[in-house]
Structures are given as C-alpha cells and as structure tokens.
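First the structure, in the form of structure tokens, and then the observations on it.
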2 protein chains.
Amino acid sequence: MKNKYLVIYQEMVKQIEQGNFHPNQFLPSEHDLTDKFETSRETIRKALNLLAQNGYIQKIRGKGSMVIDRNKFDFPVSGLVSFKELADKMGEKPKTFVHTCHLINPSHYIQEQLKMSDSDQVWEVIRARSFAGKYIILDKDYLAKKYISFISRDIAEQSIYSYIENELGLVISFAKKEIIVEEPTEEDRDLLDLEGFHNIVVIKNYVYLDDATLFQYTESRHRPDKFRFVDFARRNH
Amino acid sequence: MKNKYLVIYQEMVKQIEQGNFHPNQFLPSEHDLTDKFETSRETIRKALNLLAQNGYIQKIRGKGSMVIDRNKFDFPVSGLVSFKELADKMGEKPKTFVHTCHLINPSHYIQEQLKMSDSDQVWEVIRARSFAGKYIILDKDYLAKKYISFISRDIAEQSIYSYIENELGLVISFAKKEIIVEEPTEEDRDLLDLEGFHNIVVIKNYVYLDDATLFQYTESRHRPDKFRFVDFARRNH
DNA sequence: GAGTGGTCTAGACCACTCA
DNA sequence: GAGTGGTCTAGACCACTCA
C-alpha cells in the first residue's frame with residue numbers, strides 16, 4: 001500500500017463516481033473521515049484538497065465538503081492528456097496512420113522550440129488520426145534523442161506517452177500548452193480530410209520531465225469543426 | 001498580516017521574479033527556509049507547493065527546489081482570467097464598446113446554460129473589444145439577477161469581475177471553460193471587424209461562486225488570427 | 001455552543017541524492 | 001553519512017455556520 005492520502009483520494013473518487021455521495025450533499029466531516037480511515041486530519045485534508053482541485057467537491061468553511069455535480073462538466077480534462085487517453089474518454093474508436101517515424105537533424109524552428117543545440121538529433125513522428133473514416137487530427141511530435149533513444153512505428157501507433165512512462169520509466173511532470181488558429185499548410189491538406197475548412201486549430205505542447213528538462217515538442221493540428229478543449233480551473237486568491 | 005504560507009509564497013514569487021534566484025538554481029532547502037521565515041516545515045511546504053503548482057519551481061526529491069525558467073512560458077495564464085486582466089498583461093491599450101447592458105427574460109438556451117428556472121431574470125451584457133482600432137473580440141455575458149442584482153454600463157466598461165469581487169463582496173471560486181470553433185453569426189459580422197475570416201473561436205465560460213452556485217455564463221468570441229490561449233499544467237500521477 | 005473547515009506547530013520516519 | 005524533500009501524526013487555536 002502506498003501513500004495514505006492518495007489511497008483515500010482514490011477511494012473517495014470511486015465513491016463519488018459510483019453515486020454513493022450525491023451532488024449538493026456533504027461528505028462526512030473531516031473529523032468523521034479521520035475516524036473512518038484511521039488517520040490524522042492533515043492526511044484527510046490532503047485527500048480532500050485533491051478532490052477539490054480536480055472538481056469533485058467544493059469546500060465550504062463552517063459547513064463541510066459539498067459534492068459538485070460533475071455531469072455539468074463532461075470530461076474535465078485539466079492538465080496533460082494524450083490523444084489516446086482523450087479518445088478513450090470520448091468512447092469513439094479512432095484509427096492512427098503513422099506517416100513518419102524517424103530520426104532527423106531538426107530544423108531551426110524545432111531546435112528553437114526544444115531549446116537544444118545544433119548537434120542533437122530528434123525523433124520526428126507524424127501521425128494522422130481518423131474518426132469514422134475521416135482524417136481529422138494531425139499530430140507532429142518531436143522528441144529529443146538525448147532522452148528518448150528509440151521509437152518504433154509500433155510504439156507510435158499505440159501511445160508514445162505510455163511507452164515513455166511505462167517502458168522507459170521516465171516521469172512526465174508538466175507541460176505548457178498553447179492554442180492558436182492557423183491557415184492549413186500543404187501537409188495539412190495532404191494528410192487530413194479538410195473538406196473545405198479554411199482554418200486549422202493548432203495545439204502546441206511543450207512537455208517536461210520531472211527534472212524539468214524539456215524533451216518533447218508536439219503540434220496537434222485539428223480540423224476546426226472537430227476541435228473541443230475543456231478545462232476546469234480554480235481561481236487563485 | 002494574513003496567512004503565513006501565502007505571505008511566504010508571495011515573498012518567494014517576488015524574489016524569483018526580481019531575479020534573486022536564477023533559473024536552474026536551487027532555492028534554499030526547506031530546513032533553511034524554516035529558519036529564515038521562523039515557521040514550521042509544513043508551512044514552508046505549503047508555500048513551495050503553491051510555487052510548484054504555478055510553474056515557478058520544480059521540486060526534485062533528494063536535491064531541492066529548482067527554479068523554472070519562466071521566460072519559456074510567456075504569460076502562463078492558468079485558470080480564470082478576465083479580458084481586462086489579460087489585456088493588462090499583454091501591455092496593449094484595448095477599448096471596450098458596451099453594446100448592450102440590460103435585464104432580460106433569458107432564452108431557452110441561456111436558461112439551460114445557467115441551469116435556472118423559467119421565472120429568473122438575467123443581465124445580458126454584450127461588449128466588443130478593440131485593439132489598435134479593430135474590433136477583435138465579442139464578449140457576451142449572462143449573469144443571474146438572483147446573485148448579481150445590478151450592473152451598469154459603467155461597470156461593464158470596466159471589469160465585471162472586479163465589481164463582483166470588490167464591490168459586491170462575492171467570491172469567484174472556479175469555472176469550467178470550453179473552447180470550440182464556429183461559423184460567425186450575423187451579430188459577429190455586425191459588431192466585429194472580421195475582414196473575411198470564416199471562423200470564430202468561442203470560449204464558453206461557466207463561472208461559480210464559493211458556495212458552488214453557477215451565476216455566470218460567458219461567451220468570448222475571438223477573431224481566429226488574434227486568438228491565443230496559453231496554459232501551464234502539472235500532470236496528476 | 002456545538003460542529004465545521006483553515007492554519008500552524010514540532011516532531012517523526014522514510015526514500016532519495018551525492019560525495 | 002549528511003542533506004534533501006515526501007509523508008504522516010496529534011495536537012492547538014481560530015473563523016465561520018447554524019440552531
């Protein structure tokens with residue numbers, strides 16, 4: 001058994017998702033939870049703060065922890081989500097066509113994005129994603145060879161993230177995301193079913209390991225009619 | 001003086017932003033900070049966790065808290081940011097034209113978004129935002145009269161959020177954001193300088209108070225060439 | 001006044017890093 | 001082995017809610 005507060009958090013998530021606690025109702029008090037889980041109050045509070053951060057509860061001073069109606073928030077994808085995780089949640093069966101998967105000497109632009117020196121090589125992975133027979137998303141990944149020594153087409157067809165975390169044992173820690181809208185490139189027109197759309201939504205993702213090294217730059221290029229980004233955020237006071 | 005951990009957090013932010021601690025260098029250890037601020041380690045850790053959450057530092061076990069190079073992340077606008085706050089950070093001088101500011105009996109669509117009953121009235125505020133003489137953004141705000149009893153054109157010209165928080169004393173707690181791309185409406189064409197763009201980026205915002213009541217629905221409609229959304233996110237493990 | 005959550009303390013034990 | 005951060009404890013005092 002691992003961290004107590006994580007175990008308690010996961011247990012509470014399960015209970016809320018199973019409907020054991022209903023929206024707008026209050027959880028047991030911190031005192032009661034302390035007894036129930038046979039732990040200290042600060043440990044309970046760590047678990048509850050995670051629940052609040054992830055949009056499961058609202059803590060109200062003097063009253064208690066109220067369950068939030070998460071149905072209002074269809075998938076609250078805060079944070080990093082790879083295409084595969086996202087597709088799983090959407091319940092559709094997407095297909096991936098690996099167009100390119102090889103080592104390159106990166107262009108000046110990619111070097112700049114990855115803040116790397118001239119001599120370093122980079123894995124370039126270009127994948128088109130289809131839903132219901134239409135190519136909708138073009139993912140262009142650039143991974144520093146320094147940290148990711150090898151990628152195969154097979155891996156690219158599955159999830160690069162799960163390869164990095166489960167096979168290589170690296171820990172992805174944080175990312176900066178930037179969303180903008182551009183004109184489609186020749187490549188977009190070639191590899192996607194644009195069907196006359198004049199714009200493309202570009203999500204630029206800069207992904208960092210747990211020692212704060214930038215190892216991956218990704219452009220996820222979406223047809224605008226199929227693009228949707230959802231975020232849950234708490235205001236810092 | 002308020003919460004110790006917030007004071008310490010703000011002090012550390014100031015020091016990092018002033019360059020007293022340099023990127024890729026380590027902060028003093030938690031032990032040292034405990035001495036320096038004459039407090040307990042858990043209080044220091046609360047402050048450091050806030051710094052990590054907001055992208056100022058990366059904590060590395062056994063080593064210390066490393067300062068992240070925030071220049072890589074131009075404005076890491078995580079969470080809720082109103083137009084005015086955003087414009088301030090961009091340094092441009094925008095103008096706001098208040099097109100509409102009145103009480104209405106909401107349409108079925110607005111009722112649904114705000115999860116309200118038939119009889120409740122709503123403030124409708126429609127504002128066009130211009131940068132460098134061009135109308136670029138159309139903000140359509142719908143605020144439940146139940147919680148916000150009054151709004152004037154003057155308030156709408158300034159910041160509605162600062163009115164709500166500073167004048168009315170309400171506390172905005174969290175929001176769900178959804179970003180999609182649509183065809184421009186007639187209203188978009190009327191009030192914005194679209195200059196031939198065929199799409200419009202729509203940010204739908206559902207804003208909640210600290211008792212988890214939904215009080216505001218906002219559509220922020222951006223010309224695609226001027227749209228930019230930046231996010232910093234930590235991965236939950 | 002009883003019950004709630006928010007902050008803070010002073011300590012403990014542990015896993016990890018690095019010389 | 002000394003130094004680092006991660007977790008956990010058992011308690012304290014406080015502000016707030018509600019009957």
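Please read all numbers here as calculations on a predicted model, not as lab measurements. Chain identifiers are assigned alphabetically (A, B, ...) following the order of the sequence lines, protein sequences preceding nucleic acid strands; residue numbering begins at 1 within each chain.
An OP1 or OP2 oxygen of D:dC8 is reached within less than 4.0 angstrom by no side-chain nitrogen or oxygen of A:Y5. Residue A:K59 has a polar side-chain atom (N or O) positioned under 4.0 Å from OP1 or OP2 of C:dG6. Residue B:R45 places none of its side-chain N or O atoms closer than 4.0 Å to OP1 or OP2 of D:dG5. Here A:S29 reaches the OP1 or OP2 of C:dT4: one of its side-chain N or O atoms lies under 4.0 Å away.
One interatomic measurement links the two molecules: CD1 of A:I57 to P of C:dT4, which rounds to 15 Å at whole-angstrom precision. Rounded to a whole Å, the CZ atom of B:F26 is 11 Å from the C1' atom of D:dG5. In this entry the distance linking NE2 of B:H31 with C1' of D:dG6 reads 17 Å, nearest Å. Atom CD1 of B:I44 is separated from atom C1' of D:dT4 by 15 Å (rounded to the nearest Å). As rounded to whole Å, 16 Å separates atom C1' of D:dG6 from atom NZ of B:K46. Look at CG on A:D32: it is 13 Å from C1' on C:dG5, rounded to the nearest Å. If you measure from atom CG of A:L27 to atom P of C:dG3, you get 19 Å, rounded to the nearest angstrom. Atom P of nucleotide D:dT7 and atom CG of A:N49 are separated by 13 Å, given to the nearest angstrom.
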Q | Protein-to-nucleotide contact annotation, 5' to 3' order, nucleotides 9-19 of chain C [B base; S sugar-phosphate only; - none; under 4.0 Å, heavy atom] | A | BB-B--BBSS-
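Salt bridge status for A:D141 with A:R127: present, with a side-chain N to carboxylate O gap under 4.0 Å. Salt-bridge formation is not detected for the pair B:K36/B:E11: no Lys NZ or Arg NE/NH1/NH2 atom is positioned less than 4.0 Å from an Asp or Glu carboxylate oxygen.
Scanning all heavy atoms of the two residues, the minimum distance from A:R45 to A:E30 falls at NH1-OE2, 3.0 Å. Closest non-hydrogen pair, B:D139 versus B:R221, comes out as OD1-N, 4.4 Å.
Using a 3.5 Å distance cut-off with no hydrogens or angles, the side chains of B:S220 and B:H222 do pair a donor with an acceptor. Side chain to side chain, A:S152 and A:D154 fail the donor-acceptor criterion of an N or O pair below 3.5 Å. A donor-acceptor contact closer than 3.5 angstrom links the side chains of A:E17 and A:Y56.
The pairing partner recorded for D:dC16 is C:dG3, the criterion being a Watson-Crick or G-U wobble arrangement whose two distances lie under 3.5 angstrom. A 3.5 Å limit on both hydrogen-bonding distances identifies D:dC8 as the Watson-Crick or G-U partner of C:dG11.
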